[in-house]
Amino acid sequence: MNAEEFRKFAHEAVDAAVDYMENINDRPVRPAVEPNYLRDLLPQQPPAKPENFQTVIDDFNHVIMPGMTHWHSGKFCAYYPTGFSYPSLLGEIYTAMLATNGFNWLNGPAITELEYLTMEWMAKMLGLDAAYYSGDGRGIIQGSASEAVFMTIVAAKNRTIKALQAKDPSVDPWEAATKLIVYASDQTHSCTEKAAKIMGLRFRALPTDDTCVLKAETLRQAVDEDQAQGLVPFFVTATFGTTSTASIDDIPGIVDTARHFGIWSHIDAAYAGSALVCPEFRSLAGGINGADSFNVNLHKWLLVHFDCTCLYVKDKQALKDAIAITPSYQQYKELISGAVENLCDYQISLGRRFRALKVWFTIRSYGISGMQKFIRGHIDLITHFKSQVEADGRFEIMNKVQFNLICIRIKPEYCQIAAASPAADPTALANLTNSRLVDLINASGVFLIKSDLHGKVIIRVVIGSFKSDMLSTDFIWSVIKRCTDEVLAPTICTTTASTTNEAG
Ligand SMILES: *Cc1c(COP(=O)(O)O)cnc(C)c1O
């Protein structure tokens with residue numbers, strides 16, 4: 001492809017991007033394809049000769065697009081959203097244009113310096129203390145929350161072992177590592193356990209209360225028990241907005257308890273942290289400034305394209321001490337003088353993309369007020385949705401709706417009424433009926449997922465797509481309502497009930 005061909009196709013790509021996004025709600029949210037659909041449609045051998053790019057784009061339209069799920073559609077209420085905005089997309093284009101590798105300051109001073117600035121801006125927008133980004137602290141972009149949590153565990157492990165050695169110089173670091181234990185709750189995102197697995201460390205999931213909240217007292221008990229066994233508790237993740245129900249752990253209590261025992265406390269605010277750009281959410285976030293580290297994914301609910309997790313650590317040296325290796329080819333006078341840092345010393349990979357550019361474009365284009373408006377728009381929609389759920393009467397709301405996630409299920413008594421004969425196990429019947437409802441909804445033009453709340457099937461509805469609006473929200477509700485009518489229709493539930501009775 002020569003430069004003029006690129007210009008032509010790039011202009012067309014921009015038109016395609018706008019047309020795609022502006023009409024996304026008209027598409028089916030999920031593709032109608034079966035596993036391995038793609039194999040039959042494309043050649044098994046790579047092309048021996050250069051192909052005309054127009055044929056490649058034609059295949060993109062005819063083969064790839066039909067296999068896509070449309071995350072920014074207002075009919076997408078699964079998981080948590082992933083970020084999109086036009087300025088962020090422009091950031092991706094300009095980043096791709098520069099095609100740099102910013103692993104050190106020398107490789108493009110603006111890459112490092114804009115990252116410092118945007119991370120500082122974000123911290124200020126979220127209400128984070130300066131200790132997270134200035135002095136000994138550092139805000140840095142990671143590829144994902146999982147990487148951010150992994151890096152903080154690496155730092156905490158190193159700091160803990162050093163402290164043990166300071167007390168007793170005979171401590172063997174490899175031996176000491178076998179006693180370390182990481183904590184999170186049974187509602188914490190799997191990334192904490194995954195990080196512990198990768199590092200070969202012990203992990204313990206602590207039980208939450210019936211509102212999915214990890215209490216400080218539970219942590220304290222676990223620490224007592226494990227210390228009595230000769231283990232060394234050293235890291236705890238507290239979540240601000242869990243994945244299943246968006247619950248918030250007892251962060252002030254956990255942070256205090258962790259400090260008391262010399263445990264590193266990390267706040268995983270991957271999803272809900274974005275809401276903190278609105279001051280009205282700050283009262284939910286008590287204690288976050290007392291922790292050792294904090295992460296939020298701008299690439300979920302704050303208009304920035306994947307990948308963009310902000311990690312803030314108060315003791316940046318702990319992280320660098322743990323992993324920094326500076327070979328001679330990475331030495332240069334600004335580094336040696338201490339005037340700059342190599343950002344590769346804060347992450348797994350050496351190479352890094354210029355991700356701060358899309359953050360900077362997005363913050364400047366939206367301003368604080370625009371970002372607040374985006375979050376509040378979704379809060380208005382979920383409030384509207386919730387009032388319809390309440391008015392219907394057949395549903396139970398299973399979480400505290402603090403953000404834009406609502407978890408619902410058909411009340412067990414409606415499942416019983418619909419059943420021809422009462423089921424022996426009402427919970428099992430309710431689970432079966434609600435699982436059926438999820439399948440039916442997903443076959444009817446909305447995409448959502450179920451989850452498990454202490455043995456109960458719950459249906460998660462997240463209203464947070466770039467193209468969520470009143471129309472799409474009403475569509476979601478109309479589909480749920482119609483599918484509920486169908487699931488509770490006596491003929492269907494007779495089968496449901498008898499199946500359950502046989503099983504029970
Ligand atoms: C989404 C999510 C994660 C994982 O995010 P990645 O960036 O994909 O690693 C971790 N924690 C919470 C609370 C999340 O919502």
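Atoms within a ligand are numbered from 1 in the order they appear, just like the ligands themselves.
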Asks: Can you tell me which residue pairs pass the side chain to side chain donor-acceptor pair (under 3.5 Å) test with a partner in residues 213-222, sequence neighbours excluded?
Replies: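 As it turns out, the side chain to side chain donor-acceptor pair (under 3.5 Å) pairs with a partner in residues 213-222, which skip direct neighbours, are D209-K215.
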Asks: Quick one: side chains of residues 28-36, donor-acceptor pairs under 3.5 Å with protein atoms, not counting sequence neighbours, listed by atom name and distance.
Replies:
| unit_1 | atom_1 | unit_2 | atom_2 | d |
| --- | --- | --- | --- | --- |
| R30 | NH2 | N442 | O | 3.3 |

Asks: Flag the pair L448 / I441 as yes when at least one side-chain heavy-atom distance between them is below 4.5 Å, and no otherwise.
Replies: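 A side-chain contact exists here, since the closest heavy-atom pair is under 4.5 Å.
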Asks: Note down each nitrogen or oxygen pair, ligand 1 side and protein side, whose separation is under 3.5 Å; give only atom names and the distance to 0.1 Å.
Replies:
| unit_1 | atom_1 | unit_2 | atom_2 | d |
| --- | --- | --- | --- | --- |
| ligand 1 | 7 (O) | A145 | N | 2.7 |
| ligand 1 | 7 (O) | N297 | ND2 | 2.9 |
| ligand 1 | 9 (O) | A145 | N | 3.3 |
| ligand 1 | 9 (O) | S146 | N | 2.9 |
| ligand 1 | 9 (O) | S146 | OG | 2.6 |
| ligand 1 | 11 (N) | D268 | OD1 | 3.4 |
| ligand 1 | 11 (N) | D268 | OD2 | 2.6 |
| ligand 1 | 15 (O) | K300 | NZ | 2.8 |

Asks: Is it true that R202 and D226 make a salt bridge, defined as a side-chain N closer than 4.0 Å to a carboxylate O?
Replies: no
Asks: Could you list all the side chain to side chain donor-acceptor pair (under 3.5 Å) pairs where at least one residue sits in residues 348-359, not counting sequence neighbours?
Replies: E92-R353, E92-K358, E115-R352, D307-R353, D307-R355, Q347-R352
Asks: Are I459 and I410 close enough that some pair of their side-chain heavy atoms sits under 4.5 Å apart?
Replies: no
